[in-house]
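Indexing begins at 1, ligand by ligand and atom by atom, following the structure's order.
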Amino acid sequence: MRQKMVAGNWKMNGQMQEVIQLTNELKELISFNTQARIVVMPPFIYIPLVNEILGTGIIETGAQNVYPKDAGAYTGEISAPMLKNYNCRYVLVGHSERRHYFHEDENFVAQKFHHVKDHGIIPILCVGETLIEREKGQTEQIIAKQLLAVSQNDNQCFRDCIVAYEPVWAIGTGKTATTEQAQEIHQFIRGLVADINNSDAERLTLLYGGSVNGNNARALFSMPDIDGGLVGGASLNAKEFVEIVKCIN
Ligand code: PEP
């Protein structure tokens, strides 16, 4: 049975009081049993505060980014060992906002992916095509390139990691991939991973991300290859996020 997950990417949002309120609301509202791992990824600076509020409950914390070196003269950056000090079990790598706004290329994404794995942190590798790439019929080619960039002839690289399919045109736009479009690409991703290692593919948690909300999550999560969601905007509203978590069967 594959691990289900709902992860909230808070991006660069929230002043301290809003973060405290959101975290307290989530803690109070998520008091039911669920099969899903529930993860929130606050801005770095709030991770200790969020951890303190959440305590040892079922909501875990992750980070939105990492620099792929343990320590050194990398002004402004945060390393995987530092994140481990704050119990971050997950780190986003390859998010489209970092690929596009910060020009992170596949090689750099791969370095981050392996760096966090080397430190026992689970990377959530984001892959996805732009609208132009989809319209040109290049979706599968782009996804394959992004995925295979991290595999580097390592046939166990997709063990202990999570992959999120996030069509760039659906992120923060209110446009969601149809359940069929999302399932088709999730199935394609699982197939690619199976070509590298079949048992890892069967166990791989695959998330869908892109304008997931309380209204569309159930249909998306009921697809055979979709194991949960990576949620941006809707994760800033505790009630909405909880509705999404409740859509995990
Ligand atoms: C994201 O940033 O990973 C994301 C999926 O954002 P949104 O849910 O707002 O589209």
Side-chain angles (χ1 to χ4, degrees), residues 4-14 18-19 22 26 36-44 46-47 50 59-66 88-104 109 112-113 116 122-131 133-134 139 142-143 146-147 161-179 181-183 185-186 189 205-221 223 225-248:
K4 308 274 182 175
M5 175 184 262
V6 178
N9 173 12
W10 293 358
K11 310 196 187 189
M12 195 179 72
N13 289 300
E18 292 159 326
V19 167
L22 174 59
L26 286 172
R37 273 195 199 286
I38 305 165
V39 180
V40 293
M41 292 176 283
F44 283 134
Y46 296 129
I47 290 173
V50 169
I59 308 175
E60 300 176 286
T61 46
Q64 299 173 22
N65 191 23
V66 68
C88 286
R89 256 194 98 197
Y90 305 91
V91 178
L92 286 180
V93 298
H95 191 282
S96 62
E97 285 154 15
R98 296 220 57 95
R99 291 184 196 259
H100 296 125
Y101 299 141
F102 302 99
H103 313 291
E104 293 190 1
V109 171
K112 291 184 179 198
F113 180 90
V116 302
I122 299 175
I124 302 179
L125 172 68
C126 303
V127 296
E129 81 289 3
T130 62
L131 187 57
E133 288 161 347
R134 175 163 280 266
T139 301
I142 295 293
I143 307 284
Q146 292 172 338
L147 260 188
C161 87
I162 289 164
V163 175
Y165 168 54
E166 297 207 303
V168 179
W169 48 271
I171 296 182
T173 58
K175 286 184 198 150
T176 321
T178 63
T179 48
Q181 282 171 326
Q183 165 57 24
I185 301 303
H186 280 71
I189 293 171
T205 296
L206 272 180
L207 307 180
Y208 169 78
S211 299
V212 174
N213 59 40
N215 293 325
N216 57 30
R218 192 170 298 282
L220 286 161
F221 299 170
M223 302 310 277
D225 286 294
I226 302 181
D227 306 309
L230 177 54
V231 186
S235 70
L236 296 170
N237 178 315
K239 288 202 180 87
E240 186 79 19
F241 189 67
V242 171
E243 285 312 307
I244 295 169
V245 172
K246 286 182 178 165
C247 292
I248 293 279

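The side-chain heavy atoms of Tyr90 and Glu60, taken from C-beta on, include a pair separated by under 4.5 Å.
Sorted by chain and number, the heavy-atom contacts of ligand 1 below 4.0 Å come from Asn9, Lys11, His95, Glu166, Ala170, Ile171, Gly172, Gly209, Gly210, Ser211, Leu230, Val231, Gly232, Gly233.
A salt bridge does not link Glu104 to Arg99: none of the charged side-chain nitrogens sits closer than 4.0 Å to a carboxylate oxygen.
Taking the side chain to side chain contact (heavy atoms under 4.5 Å, CB included) definition, one finds that Thr173 meets it with Lys175, Ser211, sequence neighbours left out. With sequence neighbours left out, the side chain to side chain contact (heavy atoms under 4.5 Å, CB included) criterion links Val242 to Leu26, Leu29, Ile30, Phe32, Lys246. Applying the ring pair (Phe, Tyr, Trp, His ring centres under 6.0 Å) rule to His186 yields the partners Tyr165; only residues at least two apart in sequence or on another chain are considered.
Among Glu97, His95, Gln64, the single residue meeting the side chain to side chain donor-acceptor pair (under 3.5 Å) criterion with Lys11 is Glu97.
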